[in-house]
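Scroll down for the structure; my scribbles are underneath it.
Lettering follows sequence order; numbering is per chain, from 1.
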2 protein chains.
Amino acid sequence: MSQDGVDLERSLGYLLKEASSALRAAMEEVLRPLGMTVTHYSCLELLAQRPGLSNSELARGAFVTRQSMNVLLQALERDGYVTRPAAPPAGKALPTRLTPRGRRSLEKASAAVRSVEVRMLAGLSGDDQSEAVRILRSMIQSLRA
Amino acid sequence: MSQDGVDLERSLGYLLKEASSALRAAMEEVLRPLGMTVTHYSCLELLAQRPGLSNSELARGAFVTRQSMNVLLQALERDGYVTRPAAPPAGKALPTRLTPRGRRSLEKASAAVRSVEVRMLAGLSGDDQSEAVRILRSMIQSLRA
DNA sequence: TGACTCATGTCAGCATCCTGACATACGGTG
DNA sequence: CACCGTATGTCAGGATGCTGACATGAGTCA
């Protein structure tokens, strides 16, 4: 290995990517024994917090395309984790809901993911966490503009 | 669109992913006119800061696999942006270096990316940025453990 | 010296995800 | 009403990236 970074360790953009990547890896690690992927979990978690989300809304929330989310939803529906009405109640959007089975499956995954987040925040005070939320929100808003 | 997040907006993990995703999208947007992808740029930037990095080291730094970085390096070498010795000076690692052409290409991209980072940090004070660096480093370290 | 471990570069095969496109449905505005 | 812009679900097609595996080179330790 070469010498460590000069500029890189000071670049917020790089640190952001690094942290996000490490978080995803840690999540994959704890979700794999449960036979679940990160997108899989994200979808269930989104549905638990906001029942009735459409395919497109779930895709945006899980940071994948509508097409990818659609194949995932078809699998989840086939296996009985979620339900969608046969016909759209309005427009074209199909509101999706968790089944009891989906809810049970989510509980285990949620506990696993929560443990990862706890570990991630181990060295941070409550104030630090509030600051982090504020700063990240500011970054997101500025980038969207 | 449904009601906005209850728990989601408070989850540091989610905000992290959201910020990272927004940053990547913004970078893709400014790099596309230059015919460059984010991984492409990351590779050049890494080489500018640490000349002589091997394929594997570049892959780790750009958060892709060795295999993916290898095909990128082959293209970059073919087009004259980087050079690698025909035979490894030691072991199997081939130290890679930027050519003048690669350096010129990087300059434009670097300016574009810097403008994105400036925009991202628009609403943040210097203290905020230092805090962000400290907090992100703590998260990364805790996750690696 | 020999056995073991680890890291590297590279090959093949495959899964994943995205780009592009289409028909449809809603909301506004003339 | 007719038109236009936007959003949705869905269908291929293709590019991109990853997993798995192998041989090689270097370092470690008995």
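- For B:Ala93, counting side-chain heavy atoms from C-beta on, the closest listed nucleotide (C:dT10, C:dG9, D:dT8) is C:dG9.
- Within the 4.0 Å cut-off from OP1 or OP2 of C:dC17, not a single side-chain nitrogen or oxygen of A:Thr65 is found.
- Checking side-chain atoms of A:Arg119 against main-chain N and O of B:Leu143 turns up a donor-acceptor pair under 3.5 Å.
- In this structure, CZ of B:Arg84 is placed 9 Å from C1' of C:dG9, rounded to the nearest angstrom.
- Contact annotation: B:Asn70 does not reach the phosphate of C:dG9 (side-chain N/O to OP1 or OP2, under 4.0 Å).
- When the nearest nucleotides of DNA chain C are assigned to A:Thr39 and B:Ser54 by heavy-atom distance, the more 5′-ward of the two goes with B:Ser54.
- A donor-acceptor pair under 3.5 Å is absent between the side-chain atoms of B:Gln129 and the main chain of B:Gly126, judged by distance alone.
- The distance between atom CZ of B:Arg32 and atom P of C:dC18, rounded to the nearest whole Å, is 14 Å.
- Side chain of B:Ser20 to backbone of B:Lys17: no donor-acceptor contact under 3.5 angstrom is found.
- With values rounded to the nearest 0.5 angstrom, B:Thr83 atom OG1 is found 8.0 Å from B:Leu98 atom CG.
- Five base pairs at each end of the helix from C:dT1-D:dA30 to C:dG30-D:dC1 define two local axes, and these are offset by 30° (rounded to 10°).
- With respect to the salt-bridge test (charged N to carboxylate O, under 4.0 angstrom), the residues A:Arg101 and A:Asp79 do not qualify.
- In this structure, A:Arg24 atom CZ and C:dT16 atom P are separated by 13 Å, rounded to whole Å.
- In this structure, of D:dT8, C:dT10, D:dG17, it is D:dG17 that holds the atom nearest to the side chain of B:Ser68.
- The nearest whole Å value for the distance from the CZ atom in A:Arg66 to the P atom in D:dT6 is 14 Å.
- Distance B:Gln74 CD to D:dT16 P: 14 Å, rounded to the nearest Å.
- Side-chain proximity of A:Gln67 to D:dC11, D:dT8, C:dC18: nearest is D:dC11.
- Checked by atom type and distance alone, the side chain of A:Ser142 pairs as donor or acceptor with a backbone atom of A:Ser138 at under 3.5 Å.
- In this structure, of D:dT8, C:dT19, C:dT10, it is C:dT10 that holds the atom nearest to the side chain of B:Leu94.
- Separating the NE2 atom of B:His40 from the P atom of D:dG17 is a distance of 12 Å, rounded to the nearest angstrom.
- Out of D:dG9, D:dT19, C:dT10, the shortest distance to the side chain of A:Asn55 is found at D:dG9.
- Computed from coordinates, the B:Leu73 CG to D:dG17 P distance equals 13 Å when rounded to whole Å.
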So which protein nitrogen or oxygen atoms get under 3.5 Å of nucleotides 26-28 of chain D's nitrogens or oxygens?
from	atom 1	to	atom 2	distance (Å)
D:dA26	OP1	B:Gly91	N	3.3

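- Classification of the A:Tyr81-A:His40 ring pair by plane angle, with boundaries at 30° and 60°, yields perpendicular.
- Checked by atom type and distance alone, the side chain of B:Thr99 pairs as donor or acceptor with a backbone atom of B:Gly80 at under 3.5 Å.
- Set against C:dT8, D:dG9, D:dT8, the side chain of B:Arg60 has C:dT8 as its closest nucleotide.
- Side-chain atoms of A:Glu28 never come within 3.5 Å of backbone atoms of A:Val38 as a donor-acceptor pair (strictly under, hydrogens ignored).
- As rounded to whole Å, 11 Å separates atom P of D:dT8 from atom CG of A:Leu58.
- Distance alone, capped at 3.5 Å, places no donor-acceptor pair between the B:Glu131 side chain and the A:Glu131 backbone.
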